Amino acid sequence: MTKFMIPGNICRILKKIQSSGEQACLVGGCVRDMVMGRRIHDWDITTSAGWEKIAGLFKKSAATGIKYGTVTVFYRGTKAEVTTFRRDTGYTDMRHPDDVRFTPELKEDLARRDFTMNAMAMDADGGITDPFGGMADIADRVIRCVGEPDRRFLEDALRMFRALRFSAQLGFEIEAVTKSAIVNNASNCKYLSAGRVRTELLKTICSDRPEVAADMFEMGLLGDFDGDTATLHKMAERLRKLPKSGDLRLISLSAAAGRALNISPGEFLERLGCGREVKELSGAFDCVPCGSAEEIRLSCGEYGMKKTMAACAAGDTILGGSRYRLFKEFVRSDLPHSVRELAISGRELMALGLSPGREMGDVLNELYRHVCRFPEDNNTEKLIKLAEMCMCK
Ligand code: ATP
Ligand code: MG
């Protein structure tokens, strides 16, 4: 009996490959997460078999990365990414191996992986291959490079982001030599694609320790800047109070970086390759409501729900407070969220002699502002009276 619970269908995939005379093991994040008792979100298998053989063994598969020897296998409602054992080759561009070389050796495949905790394999019976001390590092809660950190970060600068991202997700410390190699090599992160960096940053800020994003700035992974990373750290800690929504937390982080490090939030989001919608919301910081529920309701009327939500989240991150919670309470309430939800319509205003257009819009806005302050006045009779008063002004 193995002490690790490999789901039945994943185990069957491993055994099916083995019974064809090849080696097959789980590898990487799924082994690490199994050892740690964490939820597993994807299953990676490493095998001595070539992709053609794997594709031939299973009725349903997709060639998701055959250049790298990867086939996705679908089996009775489960799927696994199956990749042929590979070994490290040179990296001249600091992010892509120059060449893909396959190997018959499991250990060589493990040696190309980034951290000891990610360089373990597990066979179908739960037997673990751990040539670099991953189990001990997991027990000590330490992130350590496989091999010499300087060289590994020079090969692929993304590994520096990954080290910090895993420390945020798992609560592990980065081992001292690995950490100083990150500082030494940080400037090479400028060669990384925006998308790869964004993915790691989003995983970091959506973890239980979003403040690790401030360490990314401090260690120089996110570029050069002047400013106070201790303040940024304190602000990034406040992201914990926001829901784990990538866009919301990223907009708030960019606002915090703008405040603490003098970075332009819009440019920061642009460099990360964020879409137009996210970048537009970064303009919401100009309208951060002061903390009262009434101000937040007014802001919704003036700037709309989306901008107000972003402004509340950014405001809480920079200044502290509970704007976001108040915003959510307002969203869930029966109160009108815009002029369209007032208990009076254009028809009733026309009956008072108002014609559609600017004049009517001004009256509706005024009524909305009134209802933000006095929600109990949102009934047709009262609003008609108020509209008449507006018209007399
Ligand atoms: P998670 O999926 O939970 O984010 P993971 O460890 O599974 O974490 P993946 O990006 O899915 O991360 O990669 C799977 C495995 O591939 C890793 O565990 C690691 O062994 C290896 N790996 C991924 N990226 C790199 C890299 N840049 N350098 C070296 N090995 C890597
Ligand atoms: Mg994974």
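Numbers here are sequence positions counted from 1. Since the model is a prediction, treat every value here as computed from it, not as a measurement.
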Notebook entry, point to check: Would a hydrophobic clustering, with Ile, Leu, Val, Met, Phe, Trp and Tyr connected at side-chain separations under 4.5 Å, put F85 with V82?
Noted result: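 No.
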Item checked: By side chain to side chain contact (heavy atoms under 4.5 Å, CB included) - contacts of E81 (at least two apart) -> D44, T64, T70, T72
Note to self: Using a 3.5 Å distance criterion without hydrogens, assess whether the side chain of R238 forms a donor-acceptor pair with backbone atoms of T317.
What the structure shows: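 Present.
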Note to self: Keeping N378 on the side-chain end and A343 on the backbone end, is there a donor-acceptor pair under 3.5 Å?
What the structure shows: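 Checking the backbone N and O of A343 against the side chain of N378, a donor-acceptor pair under 3.5 Å is found.
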Can [X] and [Y] be counted as an ion pair, charged N to O under 4.0 angstrom?
{"X": "E270", "Y": "K279", "value": "yes"}
{"X": "E280", "Y": "R276", "value": "yes"}
{"X": "R196", "Y": "D156", "value": "yes"}

Note to self: When you measure from the centre of the six-membered ring of Y324, is the NZ or CZ of K241 closer than 6.0 Å and no more than 45° off the axis?
What the structure shows: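 Verdict for Y324: no cation-pi partner in K241.
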Note to self: Do K79 and F74 form a cation-pi contact, if we require the NZ or CZ to be under 6.0 Å from the six-membered ring centre and within 45 degrees of the ring's axis?
What the structure shows: no
Next item on the list: Give a yes-or-no answer on whether the side chains of E348 and S345 include a donor-acceptor pair shorter than 3.5 Å.
Entry: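 Yes, S345 and E348 have a side-chain donor paired with an acceptor closer than 3.5 Å.
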Item checked: Check: Q23/S48 side-chain N/O donor and acceptor closer than 3.5 Å ->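 Absent: no donor and acceptor within the cut-off.
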Check: Would T178 and E175 count as a side-chain hydrogen bond (donor to acceptor under 3.5 Å, both in side chains) if you check the C-alpha gap in whole Å, the side-chain angles of each, and the deciding distance to 0.1 Å?
Finding: CA-CA 5 Å; T178 302; E175 174 271 332; 2.6 Å; yes
Donor-acceptor pairs under 3.5 angstrom involving side-chain atoms of residues 349-364: please list them, not counting sequence neighbours.
none

Checklist line | side-chain hydrogen bond (donor to acceptor under 3.5 Å, both in side chains) between R113 and N118, intermediate numbers included | finding: CA-CA 7 Å; R113 293 171 186 275; N118 291 344; over 6 Å; no
Check: With M120, which of D137, T129, V35 fulfils side-chain contact (heavy atoms from CB on, under 4.5 Å)?
Finding: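 Exactly one pass, corresponding to V35.
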Notebook entry, point to check: How many angstroms lie between atom CZ of F153 and atom SG of C189, to the nearest 0.5 angstrom?
Noted result: 9.5 Å
Next item on the list: Please name all residues satisfying ring-ring contact (aromatic ring centres under 6.0 Å, His included) with F225, sequence neighbours left out, ordered by chain then number.
Entry: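 So F225 forms a ring-ring contact (aromatic ring centres under 6.0 Å, His included) with F217.
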